[in-house]
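Written below as structure tokens is the structure these notes are about.
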Amino acid sequence: MLGTDDPDTGRDGDAIVSTAWQLAEAEGWAAVTARRLAEHAAVDLGALYERFADRDAVVAAVAVRGFADLATALTAARTAASTPAQAWPAVMAAYLDFAYANPEVYDAMFAHTPDLTLGAEQAPETVAATFGELRAALTPLSAGRDPDTLAELGWSLLHGMVMLTRGGRLRPEAQDERESLLTHPLFPAS
């Protein structure tokens with residue numbers, strides 16, 4: 001998937017990943033071609049291919065960076081919460097904010113990169129960090145339940161809500177109520 005060199009190291013790799021992110025969010029993944037990436041990132045087409053074997057490798061690098069940014073946002077939300085019980089609602093809001101603000105990157109993270117799973121042998125640290133933040137936010141609410149299973153359930157519910165909302169399959173006027181139900185009655189503090 002990614003080349004032997006870490007594409008996130010070096011100015012060219014950073015520029016290519018940032019440009020791919022911006023192009024995808026502005027115009028969709030179909031607009032992210034090698035020529036456009038090279039042109040917009042101000043790198044030689046040869047340099048792009050030295051860093052990334054193909055378009056899938058670029059998408060994977062954007063996804064890895066997306067997980068890193070998501071994990072950072074979740075950490076900030078969790079650590080800013082006044083009490084452990086308030087961590088889950090804060091983390092949930094940060095997760096939803098990220099997903100709705102970055103729909104193409106979110107798709108790269110979850111739809112276009114099947115190898116970036118938590119259970120994979122070589123899952124990037126950023127995927128594990130995202131899961132770790134969800135787990136840390138839900139652990140105070142576990143009340144004797146397995147925190148990993150609770151985090152998997154929480155992540156599944158958040159992801160489902162994002163995808164169904166983005167697909168226009170849920171009632172927009174009920175969004176606040178869904179979020180409230182997801183924070184309190186489903187995961188009551190012990």
Side-chain angles (χ1 to χ4, degrees), residues 17-18 21-22 24-26 28-29 59-120 122-190:
V17 171
S18 295
W21 181 311
Q22 293 165 1
E25 289 301 343
W29 281 106
V59 174
V62 170
V64 168
R65 183 168 300 166
F67 275 113
D69 287 3
L70 177 56
T72 298
L74 299 182
T75 301
R78 182 180 56 77
T79 58
S82 305
T83 67
Q86 293 174 337
W88 173 244
V91 164
M92 187 192 79
Y95 185 100
L96 295 174
D97 288 347
F98 177 89
Y100 295 137
N102 302 286
E104 296 296 329
V105 172
Y106 191 84
D107 285 350
M109 294 162 62
F110 291 101
H112 303 308
T113 52
D115 294 339
L116 296 182
T117 62
L118 186 61
Q122 296 181 347
E125 289 180 27
T126 59
V127 177
T130 299
F131 181 79
E133 284 303 321
L134 294 169
R135 184 184 192 282
L138 283 166
T139 295
L141 308 176
S142 64
R145 298 172 288 191
D146 177 53
D148 287 334
T149 303
L150 197 59
E152 289 170 344
L153 178 62
W155 197 347
S156 298
L157 291 169
L158 288 172
H159 179 69
M161 186 161 32
V162 167
M163 298 310 290
L164 291 169
T165 299
R166 283 181 46 203
R169 296 174 185 249
L170 298 177
R171 297 169 296 136
E173 67 275 8
Q175 183 70 16
D176 290 340
E177 184 178 355
R178 280 190 298 275
E179 290 179 23
S180 178
L181 285 171
L182 186 54
T183 58
H184 301 294
L186 286 178
F187 299 112
S190 54

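Not measured: the values here are computed from a predicted model.
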Are Phe110 and Phe67 close enough that some pair of their side-chain heavy atoms sits under 4.5 Å apart?
-> yes
Set of residues satisfying side chain to side chain donor-acceptor pair (under 3.5 Å) with respect to Thr72, sequence neighbours excluded | none
By side-chain contact (heavy atoms from CB on, under 4.5 Å) - contacts of Ala68 (at least two apart) = Thr126
List for me each residue that meets side chain to side chain donor-acceptor pair (under 3.5 Å) alongside Asp146, sequence neighbours excluded, and say none if there are none.
-> Thr149
What do you reckon, is CD of Glu125 surrounded by more than 12 foreign heavy atoms closer than 6.0 Å?
-> no
Sub-3.5 Å donor-acceptor pair from the side chain of Trp88 to the main-chain atoms of Leu182, do we have one?
-> yes
Could you tell me whether the side chain of Trp29 and the main chain of Glu104 form a donor-acceptor pair under 3.5 Å?
-> yes
Close side-chain approach of Tyr100 and Leu96, heavy atoms under 4.5 Å | yes
Min side-chain heavy-atom separation Thr139-Leu150 under 4.5 Å | no
Got a sec, which pairs hit salt bridge (charged side-chain N to carboxylate O under 4.0 Å, His left out) with one end in residues 167-184, sequence neighbours left out?
-> none
State which residues pass side-chain contact (heavy atoms from CB on, under 4.5 Å) with Ala63; sequence neighbours excluded, sorted by chain then number.
-> Ala108, Met109, Thr113, Leu116
Hey, could you give me each pair passing salt bridge (charged side-chain N to carboxylate O under 4.0 Å, His left out) that has a residue in residues 79-90? Not counting sequence neighbours.
-> none
Sequence-distant partners of Trp155, side chain to side chain donor-acceptor pair (under 3.5 Å), two or more places apart = Tyr95
Residue pairs fulfilling salt bridge (charged side-chain N to carboxylate O under 4.0 Å, His left out) with at least one residue in residues 73-87, sequence neighbours excluded | Arg78-Glu133
Min side-chain heavy-atom separation Trp21-Asp69 under 4.5 Å | yes
Of all residues at least two apart in sequence or in a different chain, which pass the side-chain contact (heavy atoms from CB on, under 4.5 Å) check with Thr83?
-> Ala85, Gln86
For Asp107, enumerate each residue passing the salt bridge (Lys or Arg N to Asp or Glu O under 4.0 Å) test, keeping only those at least two apart in sequence or located in another chain.
-> Arg166
Qualifying residues under side chain to side chain donor-acceptor pair (under 3.5 Å), relative to Asp148, sequence neighbours excluded | Arg135
Check: Val64 and Val17 side chains under 4.5 Å, non-hydrogen atoms = no
Residues in side-chain contact (heavy atoms from CB on, under 4.5 Å) with Ala99, at least two apart?
-> Tyr106, Val162
If every non-hydrogen atom of Gly66 is compared with every non-hydrogen atom of Val105, which pair is closest and at what distance?
-> CA-CG1, 3.9 Å
Looking at Pro140 and Ala136, what are the two nearest heavy atoms and their distance?
-> CD-O, 3.2 Å
